[in-house]
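Worksheet: one structure, shown below.
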Amino acid sequence: MLRALFLLAEPAMQVAKDKVVLFHYTLTDDAGTQIDSSREGGEPLAILAGQGSLIAGVEKALEGKSAGDKFQVTVPPEEGYGLRDEGRTQRVPKKYFQDGDKLKPGMVTVLRSQQGMHQVTVVKVGATVIDIDANHPLAGKTLNFDIEVTEVRDASEEEIAHGHVHGPGGHHH
Ligand code: ZN
């Protein structure tokens, strides 16, 4: 608690490009169902601001915030994981799936194509074909974030060169 009082005496560092920001978040959908929370894992998420590693709506909302700031932000699909593209749903022969016989609707699996590996959600399983959806699971959703900034600091030259944060909440290598 004493430490918090000392921090108030200095101008607080604000989130800007190439600052490292650590924050906790809880993500809920419009129905109020929790989708994800950093608070359950214990460690806040650490990101390098201005590098496009976050969805645009959250990146924008963090700008100018300081350690201790708590806020909520509602992110429309356009600033989140994009709109759903119905063209990304497909019927694929079962033989193209490694685990075709074990798949059930709602499961996420990997499909190999000429363009590489794709994470897809199983929609329907037939006798010889499987309907899949290659949209991001959060595409088309309005996302509600409850955020608490826990730390803002300068990034090291190495972190800026790598484009990500090192240490707690970031990369360890
Ligand atoms: Zn690195």
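Order of listing sets the numbers, starting from 1, for every ligand and every atom in it. Since we're looking at a predicted model, the values are computed, not measured. By convention here, the first residue in the shown sequence is residue 1. Note: hydrogens, waters and symmetry copies are ignored here, and every other heavy atom, side chains too, is used.
- Here the side chain of E40 pairs no donor or acceptor atom with the backbone of S37 at under 3.5 angstrom.
- For a distance threshold of 2.8 Å, the protein N, O or S atoms nearer than that to the Zn ion (ligand 1), listed by chain and number, are H162 ND1, H164 NE2, H166 NE2, H173 NE2.
- Although no hydrogens or angles enter the test, the distance criterion places no donor-acceptor pair under 3.5 Å between the side chain of D133 and the main chain of T121.
- Follow the hydrophobic side-chain contacts under 4.5 Å out from I130 and you reach Y96 in the same cluster.
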Hey, can you pull the donor-acceptor pairs under 3.5 Å for the side chains in residues 165-173, sequence neighbours left out?
{"from": "H166", "atom 1": "ND1", "to": "E158", "atom 2": "OE1", "distance (Å)": "3.3"}
{"from": "H166", "atom 1": "NE2", "to": "H162", "atom 2": "ND1", "distance (Å)": "3.1"}
{"from": "H166", "atom 1": "NE2", "to": "H164", "atom 2": "NE2", "distance (Å)": "3.4"}
{"from": "H166", "atom 1": "NE2", "to": "H173", "atom 2": "NE2", "distance (Å)": "3.3"}
{"from": "H172", "atom 1": "NE2", "to": "G167", "atom 2": "O", "distance (Å)": "3.3"}
{"from": "H173", "atom 1": "NE2", "to": "H164", "atom 2": "NE2", "distance (Å)": "3.2"}

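- Annotation: side-chain hydrogen bond (donor to acceptor under 3.5 Å, both in side chains) contacts involving residues 49-69, sequence neighbours excluded, comprise D18-Q51, K60-E79.
- With sequence neighbours left out, the side chain to side chain contact (heavy atoms under 4.5 Å, CB included) criterion links T109 to F97, D99, L103, V120, V122.
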